[in-house]
Amino acid sequence: MRFSRILILGALAVGVLAQFRPDISRVWNDKDVETLEMPLAQRDRSPRHMSEAEYYKLKPRVIYRSYPAYVTGKEPPGYLESLTQKEPEVAFDPSKLHTKEDWIRAGKIVFESENTFFPVANLRPGGLTLPASATGWVSSDGTIRGSIPRRRYYIRKKGVLETGNNSCAGCHTRLMPDGSLVLGAQANFPNGFLQPPATDASEESAKALLDTHWARNGAPWIELREAFDKAIRAMAPVTGEFPEVIMRQGTSAMSPPRIPSLIGIADIRYLDATGLVRHRNMGDLMRYAILNEGLDTAAHYGDFQPGTTGFSQEEGTRFSDEQLYALGVYLYSLKPPPNPNPMNAAARHGRTIFQREGCIGCHTPPFYTNNKLTPAVGFQVPDDLAKSPDVMKISVGTDPTLALKTRRGTGFYKVPSLRGVWFRSAFGHGGQATSLEEWLDPARHNQDYVPHGFHRGPGPILGHPFGLKLNATDKADLIAFLKTL
């Protein structure tokens, strides 16, 4: 009898220990927001975000269940009509989350859910058409895999079918060569890119498109509106051939950043290529999600405010703190896919080269970054920042546009982690090199060089001269080692 009581008490103790107690406080609070970001290169234009009181007046959004879309010829008869008969179903309910695994699964829902919606006008049964290069994103039953923008259906009101855009997964899901999808990785779906107004567009529609681009990327203290519009009109259209690069709001239409991998983000101390956001704890990551889903467009940059609604076309919506917490728990849980690259003799020799050439100074194990900031060419580091142990004294000479001429420009670039380079591409903060082989090719410094990755014209991939003088064998072995990380 006593033994039975011990077993019961032990089971209860295990049950208590298994309970996951989330620590959810007010995410968008004035104290933490005040110190969240590094100052911009031009300090008087550093963003001033909405206050805690203003933020919590906004209505939290509800995350509804979504439904798959089919490619052309695979959609079951009557599928779209059947969706219009369904009632809305809430997909995220924090009252049902009890264990850490529950919160991780719920975080995946937040990660994959869109937050900007578009009515499906004139329902056309039959399926959707994907680019020819996107065949790997289609399942055997014809459903479209992954959270690809506007390729799932949402029901938020009975009888109204919508598609969506702007999920985290849209930019952080990667199709691997074996056909698997890696959530949290650098995206490679062949989406379109920034497009100038069509030559035959009406002046009204052209102005509307230019207004949108200005709200996303305008920085009047760097470039006048007239010059910005002229540059956009003069650009050649760029299609989805550079899927790992995105014109994230607040960056540059001419020099957009590469998409990062979120796998291992718990170990990274600065977020964004320019180190804009400090990452001191999960709360900072949650605040970063708020900004990157659109709240930064409602900030004031001196006397300039890019937009007013913040998150989407639906004014008065925001993440709930529970949704953000689940997202943070999920992102911290992400693991890389199994690495097929062996630590063989060549890789072991490459590790020796990595140490001999001093790579270890900036790309320090075990995270393969020292988590520091390096100044961009031409940036005079302010005295107070120069005293920080996180600020390096040297510049690696990369193109300074993103760091100095955008709304995310701090004057710095962060030292990126080399973990997972084997399943990534688009190297350099602008994604101009498609491979490690190209990144370590001295020809990329030539003035007439044409990058294999994102570019709007010929020209060198500047900076980071380290490793360019290695002989062919040492270079191949160094790459072999890097691919094991």
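These values consider heavy atoms only, across backbone and side chains, with no hydrogens, waters or symmetry-generated copies.
Side chain of D141 to main chain of T143: a donor-acceptor pair is present (N/O by atom type, distance under 3.5 Å, no hydrogens or angles). R444 contributes no side-chain N or O that, together with a main-chain N or O of P460, makes up a donor-acceptor pair within less than 3.5 Å. S167 places a side-chain N or O within donor-acceptor distance of the main-chain N or O of G170, the cut-off being under 3.5 Å. Q42 places no side-chain N or O within donor-acceptor distance of the main-chain N or O of D44, the cut-off being under 3.5 Å. Side-chain atoms of N370 do not come within 3.5 Å of backbone N or O of T364 as any donor-acceptor pair. The backbone N or O of T116 sits nowhere less than 3.5 Å from a side-chain atom of N166 that would complete a donor-acceptor pair. Looking at R419, its side chain does come within 3.5 Å of a backbone N or O of G264 through a donor-acceptor pair. At distances below 3.5 Å, not a single donor-acceptor pair connects side-chain atoms of S66 with backbone N or O atoms of R152. For the pair N217 (side chain) and T251 (backbone), a donor-acceptor distance under 3.5 Å is present. The main-chain N or O of P119 is never found under 3.5 Å from a side-chain atom of E162 such that the two would form a donor-acceptor pair.
In this structure, the separation between CG on L36 and CH2 on W28 is 6.5 Å, given to the nearest 0.5 Å. From R456, atom CZ reaches atom CD of Q432 across 12.0 Å, with rounding to the nearest 0.5 Å. To the nearest 0.5 angstrom, I290 atom CD1 is 4.5 Å from L324 atom CG. In this structure, CE in M38 is found 9.0 Å from OG1 in T274, a value given to the nearest 0.5 Å. Going from atom OG of S435 over to atom CD of E437 covers 4.5 Å, rounded to the nearest 0.5 Å. Here the SG atom belonging to C168 is positioned 10.0 Å from the OH atom belonging to Y330, to the nearest 0.5 angstrom.
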Check against side-chain contact (heavy atoms from CB on, under 4.5 Å), H455 and V450: CA-CA 8 Å; H455 61 277; V450 179; 3.7 Å; yes
Full working for side chain to side chain donor-acceptor pair (under 3.5 Å) between D178 and S180: CA-CA 6 Å; D178 65 0; S180 62; 2.7 Å; yes
Steps toward side-chain contact (heavy atoms from CB on, under 4.5 Å) verdict (D296, Q249): CA-CA 8 Å; D296 58 345; Q249 75 268 18; 3.0 Å; yes
Residue pair R269, R278: steps toward the side-chain contact (heavy atoms from CB on, under 4.5 Å) verdict: CA-CA 6 Å; R269 290 214 306 262; R278 296 178 173 94; over 6 Å; no
Candidate pair S388 and D390, rule side chain to side chain donor-acceptor pair (under 3.5 Å), full reasoning: CA-CA 5 Å; S388 169; D390 285 356; 4.7 Å; no
Candidate pair E293 and N115, rule side chain to side chain donor-acceptor pair (under 3.5 Å), full reasoning: CA-CA 8 Å; E293 290 295 344; N115 61 58; 2.8 Å; yes
Trace of the side chain to side chain donor-acceptor pair (under 3.5 Å) decision for N188 with Q186: CA-CA 7 Å; N188 59 348; Q186 181 189 60; over 6 Å; no
Verdict with supporting geometry, L128 and V71, side-chain contact (heavy atoms from CB on, under 4.5 Å): CA-CA 5 Å; L128 302 176; V71 293; over 6 Å; no
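Contact check for Y449 versus H452: side-chain heavy atoms found under the 4.5 Å cut-off. Looking at heavy atoms from C-beta onward, P416 lies out of side-chain contact with F427 at the 4.5 angstrom threshold. Inter-residue side-chain proximity for T374 and K414 is flagged as unmet; no heavy-atom pair is nearer than 4.5 Å. Using a 4.5 Å heavy-atom cutoff, the side chains of E244 and R424 are not in contact. At a threshold of 4.5 Å between non-hydrogen side-chain atoms, the residues R287 and V33 count as touching. Inter-residue side-chain proximity for N371 and V415 is flagged as unmet; no heavy-atom pair is nearer than 4.5 Å. For the pair K207 and D229, the minimum side-chain heavy-atom distance is 4.5 Å or more. At a threshold of 4.5 Å between non-hydrogen side-chain atoms, the residues V381 and V391 count as touching.
Side chain to side chain, N341 and N339 meet the donor-acceptor criterion of an N or O pair below 3.5 Å. For the residue pair T72/T129, the side-chain donor-acceptor check at 3.5 Å is satisfied. Side-chain contact, R280 with T35: a donor N or O sits under 3.5 Å from an acceptor N or O.
Geometrically, R174 does not engage F423 in a cation-pi contact, judged by NZ or CZ lying under 6.0 Å from the ring centre and within 45° of the ring axis. For R61 and F319, the positive end sits near the middle of the six-membered ring, less than 6.0 Å away and at most 45° from its axis. Judged by the 6.0 Å distance and 45° axis criteria, R348 is not positioned over the aromatic ring of F481.
Taking the six-membered ring for Trp and thresholds of 30 and 60 degrees, F189 and W137 have ring planes more than 60 degrees apart, a perpendicular arrangement. Ring pair F228/W214 is perpendicular by interplanar angle, where above 60° counts as perpendicular and below 30° as parallel. The aromatic rings of F117 and Y154 stand perpendicular to each other, their planes meeting at an angle above 60°, with 30° marking the opposite boundary. Ring orientation note: the planes of H464 and F466 are nearly perpendicular, at an angle over 60° on the 30°/60° scale. Aromatic ring pairs are classed by plane angle as parallel below 30°, tilted from 30° to 60° and perpendicular above 60°; the pair H429 and Y413 is parallel.
Scanning all heavy atoms of the two residues, the minimum distance from T410 to F379 falls at O-CZ, 3.6 Å. Across all non-hydrogen atoms, the minimal contact from I63 to V110 is CD1-CG2, 3.8 Å. Nearest heavy-atom pair across H213 and I232 is CD2-CG2, 3.8 Å. Of all the heavy atoms in A106 and F92, the pair that sits closest is CB-CE1, 3.6 Å. The shortest heavy-atom contact between D399 and S255 is OD2-OG, 3.8 Å. Closest of all the heavy-atom pairs between A169 and S147 is CB-CB, 3.5 Å.
Counted within 6.0 Å of NZ on K475, heavy atoms from surrounding residues, nucleotides or ligands total more than 12; the atom is thus considered enclosed.
Between R43 and D384 there is a salt bridge, since a side-chain N of the basic residue sits under 4.0 Å from a carboxylate O of the acidic one. Ionic pairing of R356 and D474 is present here: one or more N-O contacts between side-chain nitrogen and carboxylate oxygen are shorter than 4.0 angstrom. Here E226 does not pair with K230 in a salt bridge; the nearest charged N to carboxylate O distance is not below 4.0 Å. Remark: E203 engages R233 in a salt bridge, criterion side-chain N to carboxylate O under 4.0 Å. Salt-bridge formation is detected for the pair R45/D303: a Lys NZ or Arg NE/NH1/NH2 atom is positioned less than 4.0 Å from an Asp or Glu carboxylate oxygen.
For the side chain to side chain donor-acceptor pair (under 3.5 Å) with D272, the qualifying choice from H279, R248, R408 is R408, the only one to do so.
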